[in-house]
Amino acid sequence: AEYMGVIRNHSLLCLKRCICENPPNYISSSEWIEIFKKIIFPSLSEIPKISLINDKINNDKIECEKILQRSLSLIVKSFLLHLSKLILAVDFGQVWLSLIRVISTFVGFSDSLNEAIEEYIKNIIMVMHSF
């Protein structure tokens with residue numbers, strides 16, 4: 001059970017490296033939409049459920065909150081980083097709603113996470129407004 005947190009952290013790090021640190025320039029807006037729909041959203045929307053289960057088993061709320069913070073940060077960072085391509089896609093509205101849906105799964109775990117969610121949403125809207 002203790003290895004699950006290590007595996008989850010490593011998985012988040014690998015996903016972050018692929019999506020945020022060295023993304024290929026040749027990926028089109030429609031391909032980014034598919035990456036979000038088929039990889040990012042499904043993978044990261046499960047993290048809150050898994051974290052809540054692990055918190056009950058291991059009674060480690062602090063570690064669970066760290067994983068939730070990293071996951072939430074990754075979702076928002078990847079969305080903002082690729083927004084210029086995503087916004088060009090025909091089904092951008094669907095991705096935007098999916099983003100809100102996924103972020104909403106993180107609500108209620110802790111006050112600090114709720115505050116982070118408010119800040120992230122505010123920042124996303126401000127960035128989107130500038131486009």
Side-chain angles (χ1 to χ4, degrees):
E2 67 187 68
Y3 294 111
M4 294 308 288
V6 173
I7 292 168
R8 197 170 299 111
N9 281 328
H10 185 70
S11 299
L12 286 171
L13 181 63
C14 290
L15 190 57
K16 179 183 174 190
R17 284 181 183 154
C18 292
I19 294 170
C20 297
E21 293 177 8
N22 294 311
N25 290 331
Y26 57 82
I27 297 178
S28 71
S29 59
S30 60
E31 289 169 325
W32 274 115
I33 293 285
E34 291 302 308
I35 290 169
F36 273 85
K37 285 178 168 178
K38 294 182 178 176
I39 299 170
I40 298 171
F41 292 151
S43 301
L44 297 178
S45 66
E46 293 298 313
I47 298 287
K49 296 174 203 165
I50 294 167
S51 293
L52 287 172
I53 292 167
N54 286 343
D55 178 40
K56 289 178 182 173
I57 294 170
N58 300 326
N59 201 23
D60 190 0
K61 192 170 184 94
I62 293 170
E63 185 59 32
C64 288
E65 188 166 344
K66 286 180 186 176
I67 291 170
L68 289 169
Q69 286 279 7
R70 282 188 212 111
S71 302
L72 186 59
S73 174
L74 177 58
I75 292 168
V76 173
K77 184 176 182 178
S78 58
F79 181 80
L80 290 175
L81 183 65
H82 302 294
L83 183 59
S84 61
K85 284 196 174 185
L86 292 171
I87 210 161
L88 299 174
V90 174
D91 48 356
F92 173 74
Q94 185 181 21
V95 170
W96 166 245
L97 291 175
S98 295
L99 174 72
I100 296 301
R101 223 174 282 119
V102 170
I103 289 175
S104 72
T105 64
F106 289 77
V107 172
F109 189 80
S110 71
D111 290 341
S112 63
L113 195 61
N114 289 345
E115 288 175 24
I117 290 167
E118 286 178 34
E119 256 330 281
Y120 283 134
I121 291 176
K122 182 178 78 175
N123 291 339
I124 291 169
I125 291 171
M126 287 173 49
V127 171
M128 286 174 57
H129 180 72
S130 70
F131 273 82

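The figures here come from the full heavy-atom set of this structure, side chains too, leaving out hydrogens, waters and symmetry mates.
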Write down the atom of [X], the atom of [Y], and the distance for their closest heavy-atom approach.
| X | Y | answer |
| --- | --- | --- |
| A116 | Q69 | CB-OE1, 3.8 Å |
| S71 | L44 | O-CD1, 4.0 Å |
| F106 | L68 | CE2-O, 3.5 Å |
| L113 | F109 | CD2-CB, 3.7 Å |
| K85 | N25 | NZ-O, 2.9 Å |

Separation between [atom1] of [X] and [atom2] of [Y], rounded to the nearest 0.5 Å:
| X | Y | atom1 | atom2 | answer |
| --- | --- | --- | --- | --- |
| M128 | L83 | CE | CG | 6.5 Å |
| E34 | S29 | CD | OG | 11.0 Å |
| L99 | I75 | CG | CD1 | 7.0 Å |
| I47 | T105 | CD1 | OG1 | 9.5 Å |
| H82 | I87 | NE2 | CD1 | 14.5 Å |
| K122 | E119 | NZ | CD | 3.5 Å |

Within the 4.5 Å heavy-atom criterion, are [X] and [Y] side-chain neighbours or not?
| X | Y | result |
| --- | --- | --- |
| I19 | W32 | yes |
| F36 | S78 | yes |
| V76 | N123 | no |
| Q94 | K37 | yes |
| I103 | I124 | yes |

(request) Fit a plane to each ring of W96 and F79, take the angle between them on a 0 to 90° scale, and name the class: parallel (under 30°), tilted (30 to 60°) or perpendicular (over 60°). (result)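 Geometry flag for F79 against W96: tilted rings.
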
Membership question, hydrophobic clusters at under 4.5 Å side-chain separation (ILVMFWY): are [Y] and [X] in the same one?
| X | Y | result |
| --- | --- | --- |
| V90 | F131 | no |
| F92 | I125 | yes |
| L15 | L81 | no |
| L86 | V127 | yes |
| L13 | I35 | no |

(message) Would the distance check show the side chain of S104 and the main-chain N or O of R101 forming a donor-acceptor pair, the cut-off being under 3.5 Å?
(response)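 At least one qualifying donor-acceptor pair exists.
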
(message) Treating N114 as the side-chain partner and V107 as the backbone partner, does any N or O pair qualify as donor plus acceptor under 3.5 Å?
(response)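 A pair under 3.5 Å: no.
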
(message) Checking K16 against K77 for the side-chain contact (heavy atoms from CB on, under 4.5 Å) test, could you report, in this order, the C-alpha distance in whole Å, the side-chain angles of both residues, the deciding distance, and whether it holds?
(response) CA-CA 9 Å; K16 179 183 174 190; K77 184 176 182 178; 3.8 Å; yes

